[in-house]
Every structure is written in C-alpha cells, then in structure tokens.
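Here is the structure we will look at.
Below, read A as the first sequence line, B as the second, and so on, with proteins coming before strands; counting in each chain starts at 1. Since this is a predicted model, take the numbers as computed values, not measurements.
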Number of protein chains: 2
Amino acid sequence: MISILLAEDQNMLRGALSTLLAMEDDFEVVQEVSNGEEAWEAIQNSPPDITLLDIEMPTLTGLEVLKKIREAKLPIKVIILTTFSKRHYIKDAMKHEVDGYLLKDTPSHELASNIREVIEKNKQVISPSIMNQLLFEQSNPLSEREVALLQLVEKGYTSQQIADTLFLSHGTVRNYTSEILQKLQKQNRTEAAFYARQQGWL
Amino acid sequence: MISILLAEDQNMLRGALSTLLAMEDDFEVVQEVSNGEEAWEAIQNSPPDITLLDIEMPTLTGLEVLKKIREAKLPIKVIILTTFSKRHYIKDAMKHEVDGYLLKDTPSHELASNIREVIEKNKQVISPSIMNQLLFEQSNPLSEREVALLQLVEKGYTSQQIADTLFLSHGTVRNYTSEILQKLQKQNRTEAAFYARQQGWL
DNA sequence: AAGATGAGATGACAAATGTCATATTGTCAT
DNA sequence: ATGACAATATGACATTTGTCATCTCATCTT
C-alpha cells in the first residue's frame, strides 16, 4: 500500500484528486491538507510514502516544505504539482532533489502512473512541457539586485522608496534602472518590469 | 439521469472532476472538452442537461459560451466554475442568467449537491464568498477611459504612447492620470495601476 | 435662450525618472 | 603589492510625469 499526503489549497481540485487517487487499489490518501504548515506537521507526525505538494499555498509554499523534508533527511518522496512553470521554481525544486515536477495540465490518469514510477522505480518524473522549456528558454539576464528592484517598480515604489528598501542610494537605484533598460532594451522601468514578469523572471 | 458537459482547460482538474461526478449514480458526464469552441459545438450537437464552464479557456471563454447558449435559447443549465471572483465576470454571468457561479475553492463534495439543486429545484447557486464580495466590495470608481489608461500604464507605455493609443492629447492623458491618483489616493501611476489590478478593476 | 455639465486641450511649473561620466571601496587573482 | 573587477555613490543634465488653472466645444436641462 502506498500512503499519500496531498497538499493543495484549491478545495475542489484537492477533493477531486483525493477521490481519484483513492480509487487505485494500491493507494491510500492518508492525509489531505490545504496549506504548507499543516503539511509539514502532518509529515512529521505520520510520514507518508509520498507527498504531492502544490507550490503556491498559504503559510509555507510547497518548495519550502520540500526543503524541510530534505533537511530533515526524511525518506519521503516528493512530487511538486503546480500550475506554474517559472524557471526559478523549477530550479529550486531540482536543487532539493525533487522526485517529480508535474504541471496541473498533466492528464489526471497519468498521475497514478507517475506516482508508481517514483515509488517503485525510484524514477524522477518531469512534465514534458517543462523539459522543453528548460531546453529552450532564454535565461534571466538580470542580477538578484535587479530582480528585487523591478519587483518594487511593479508596485509603484519611487526611486527613493526603492533605495530605502534595498539600502542603496537614490542615485544607485537610478543607475541600476538604467542598466536594466539597456539589458532588456526597454524605454522605461515600468515597461521593463512588465516584460520581466512576462518572461517569468520576477 | 442528469447529463453533464464539462469544459475546463486544466487537464488534471477536468479529469479528476469527471471521475468524481461519474461516481454519482444519477450523473452521466457525456462530454469533456478543454476549450470554449469545442464546448459550443458539443452543446449544439448533443445538448446536455447541464454544463460546467470554466471562464478562462482558449478560443471562447466560459462567459462567451454562456451567452451563446442564452441567445440560442437552449434549455440548458449553466454553472460557471472558476478561480476568479472578478466583479465584471460575476456581473456578466448574472446578466445572462447563469444558474450557478462557483469558485474552484468550493469543496468538491458540494459540487454534486449544487448540480442537483440547479437541475431538480431550479435554484441558482452562488459561492458564499462571492455573495459576500458582492455585498461588501467597494465598487470601481474608475471610468472606462481611466481603466483603459491604467491598462496601458501597466505595460509601461509613456504618456505620449497612451495618448496615441486612446486618441487623446498628451496633456489630457496627464490630466486623467492626475485625476486617477486623486481618486485612488496614490502617489504615481504605476502604484495606481498595481492597486487597481489588485482590486480587480483592470 | 441661458446656464450647467462633461470630455478634452493647453501651457506653465515642480517633481520624478533616465543618462552619463566619473569616483570610491572592497575583493580576488597573480 | 598591483591591477582587474564588481558594487555602490555623486552630480549634472535631459526627459517624462504629475499638478493646476484656464479654455473650448458639444450636449443637456429648464
């Protein structure tokens, strides 16, 4: 019997998946939770064989839960299940030796077989479209500092507010902004932020 | 037997819901589609008793399909099933006499009972949180012009580009911007756009 | 017909943003 | 120790954005 913990904050999907998985004879959905903290507690109290984690959940993200599991060296398989194919999510998951990274776009009937691949054959399963993206995506040309800056630009911070937040001088913020515009070939910081967000760099 | 058409573009949710609904003895999921056009064709070819429509789908949105159904005066019940509680989505759905507007946050076990309410008792079912929102939400203080302007601001257009796009003068665009900042009590247009988007006004 | 109202324009000014050349400081490799 | 480099800062300047008072013109109202 394969015991499964399901962490997903969208009630309808969680309930439906739970029902779906429970129909498999060799699966047992032992716990269903709707946020990261509950997931982590449940994992510690009664470790399942495998956990399916959504990324964007309240309290702790799926990636944070993954990290905790690996740090505690618990012998639990982890599949990340998400809508988002953002590069840094994927990178982060890979860094912590995730066993699976599946998009919610995956047909539901493949989920069970993917779980068996992971448990029985120790395989790592990745959605094909993610693979594709990893191969062809142009990488983020922005430094961490620059990403942070653009995230504040998006919210409408003034240069001075950005400077205060990032502990930089007013002038430096404007220099960095200027750099960003060069790199991305944009005309102003708002356009740059919009573009960077589209590219999944923020 | 209640025949159901399920239109939802996220494969995993669609598959899981389909399985879930098929488990009810009095339900029959006769068709499953992943975009609006397919939904509309399927509806014309073999009309179901009820259709569950996601809003944000390729080709036609769920709301557009709803509109077509009502215009053709087909005797089909329609439940909109969506992640988004944006005011104009809800208004649009109501305008076309939708039979249900449920968030994907609804627990999955409630879905079946909601479907029966609609079919057997001719009731209209609305997610409680939506009801709440309709009651307490402060309404959009922005004019259409202002909304259009902010949508361009978001993308990083300059005042001049906005002027060209909306067929206004440079100065007028800046006057309108100034008005918006007053209304929303913000410091600059990017912040105003960010806020307005958060409020679901864009 | 006279006045009110609303969409849009103009121009002048202040503040914020973007550009650029140049400076300071710390770290790293040789 | 020296030079290369990266990160950060300064100041001067041009452009864009935001504010405000005032203007035009069409449409409504009474």
Side-chain angles (χ1 to χ4, degrees), chain A residues 87-88 91-92 95 137-202, chain B residues 87-88 91-92 138-202:
Chain A
R87 190 185 185 78
H88 79 271
K91 260 170 80 178
D92 201 15
K95 200 164 66 193
E137 192 183 51
Q138 71 282 48
S139 61
N140 184 348
L142 303 172
S143 69
E144 272 188 49
R145 237 25 189 159
E146 289 168 339
V147 168
L149 196 156
L150 283 185
Q151 284 170 340
L152 298 177
V153 164
E154 261 192 322
K155 295 196 202 171
Y157 281 37
T158 63
S159 294
Q160 186 57 61
Q161 289 172 321
I162 294 173
D164 294 346
T165 309
L166 301 182
F167 304 108
L168 292 172
S169 84
H170 186 202
T172 303
V173 167
R174 278 152 63 205
N175 287 340
Y176 285 9
T177 306
S178 202
E179 263 295 304
I180 291 171
L181 300 185
Q182 296 282 316
K183 279 192 190 177
L184 305 188
Q185 296 279 62
K186 299 294 164 201
Q187 288 187 53
N188 64 61
R189 57 203 211 142
T190 307
E191 196 186 345
F194 185 78
Y195 175 73
R197 160 120 352 242
Q198 272 198 151
Q199 295 295 314
W201 296 336
L202 307 189
Chain B
R87 190 186 184 76
H88 79 270
K91 260 170 78 179
D92 200 14
Q138 68 285 45
S139 60
N140 184 347
L142 302 173
S143 69
E144 272 188 51
R145 230 44 183 149
E146 289 167 339
V147 168
L149 196 156
L150 282 186
Q151 284 170 340
L152 298 177
V153 164
E154 260 192 324
K155 295 196 202 170
Y157 280 38
T158 62
S159 296
Q160 187 57 63
Q161 289 172 321
I162 294 173
D164 294 347
T165 309
L166 301 181
F167 304 107
L168 293 172
S169 84
H170 184 202
T172 303
V173 167
R174 279 152 63 207
N175 287 340
Y176 286 9
T177 307
S178 200
E179 263 296 304
I180 292 172
L181 299 185
Q182 296 281 317
K183 279 191 190 177
L184 306 188
Q185 295 278 63
K186 299 293 164 201
Q187 289 186 53
N188 64 61
R189 57 202 211 146
T190 307
E191 195 186 345
F194 185 78
Y195 175 74
R197 163 129 338 252
Q198 272 198 152
Q199 295 295 314
W201 296 337
L202 307 188

Check: Are B:L152 and B:L166 side-chain neighbours, meaning at least one heavy-atom pair lies under 4.5 Å?
Finding: yes
Next item on the list: Would you indicate whether A:E144, at its atom CD, is surrounded by more than 12 heavy atoms from other residues, nucleotides or ligands within a distance under 6.0 Å?
Entry: no
Notebook entry, point to check: What's the CD-P distance between B:Q185 and D:dG18, to the nearest Å?
Noted result: 15 Å
Note to self: Any base atoms under 4.0 Å from B:S159, or only sugar-phosphate, or nothing? Heavy atoms, all strands.
What the structure shows: sugar-phosphate
Notebook entry, point to check: Where each residue is assigned the nucleotide of DNA chain C containing its nearest heavy atom, which of A:T158 and A:Q182 is assigned the position nearer the 5′ end?
Noted result: A:T158
Notebook entry, point to check: Is the phosphate of D:dG18, meaning OP1 or OP2, less than 4.0 Å from a side-chain N or O of B:R174?
Noted result: no
Check: What integer distance in Å separates B:D164:CG from C:dA9:P?
Finding: 12 Å
Margin query: Any strand counts, and the cut-off is 3.5 Å on both contacts for Watson-Crick or G-U wobble. Which nucleotide pairs with C:dT30?
Written below: D:dA1
Check: Near A:K155 NZ, under 6.0 Å, is it more than 12 heavy atoms from other residues, nucleotides or ligands?
Finding: no
Next item on the list: Rounded to the nearest angstrom, tell me the gap between atom NE2 in B:H170 and atom P in D:dT16.
Entry: 8 Å
Item checked: Spacing of A:L166 atom CG relative to D:dA7 atom P, expressed in whole Å -> 14 Å
Item checked: For atom CG of B:L150 and atom C1' of D:dT17, their distance in whole Å -> 14 Å
Next item on the list: Select one nucleotide: of C:dG8, C:dG18, D:dG18, the one nearest the side-chain heavy atoms of B:R145.
Entry: C:dG8
Check: Checking all strands, does B:N188 fall into the base, sugar-phosphate, or nothing category for heavy-atom contacts under 4.0 angstrom?
Finding: sugar-phosphate
Notebook entry, point to check: How close or far is atom P of D:dT15 from atom CZ of A:R189, stated in whole angstroms?
Noted result: 19 Å
Check: Rounding to a whole Å, what distance do you find between B:L184:CG and D:dG18:P?
Finding: 13 Å
Next item on the list: Please confirm whether any donor atom in the side chain of B:N175 sits under 3.5 Å from an acceptor in the base of D:dT17, or the reverse.
Entry: no
Next item on the list: Answer yes or no: is there a side-chain heavy-atom contact under 4.5 Å between A:V173 and A:Y157?
Entry: no
Notebook entry, point to check: Between atom CD in B:E191 and atom C1' in C:dA16, what is the gap in whole Å?
Noted result: 14 Å
Check: Just checking B:T172: base, sugar-phosphate only, or nothing, at a heavy-atom cut-off of under 4.0 Å?
Finding: base
Margin query: I want to check something: taking the side chain as every heavy atom from C-beta on, are A:L149 and A:T177 in contact at a cut-off of under 4.5 Å?
Written below: yes
Note to self: Need to verify one output field. Residue with the more 5' nearest nucleotide on DNA chain C, A:G171 or A:Y157?
What the structure shows: A:Y157
Next item on the list: Tell me which nucleotide among C:dA9, C:dG18, C:dT19 gets nearest to the side chain of A:S178.
Entry: C:dT19
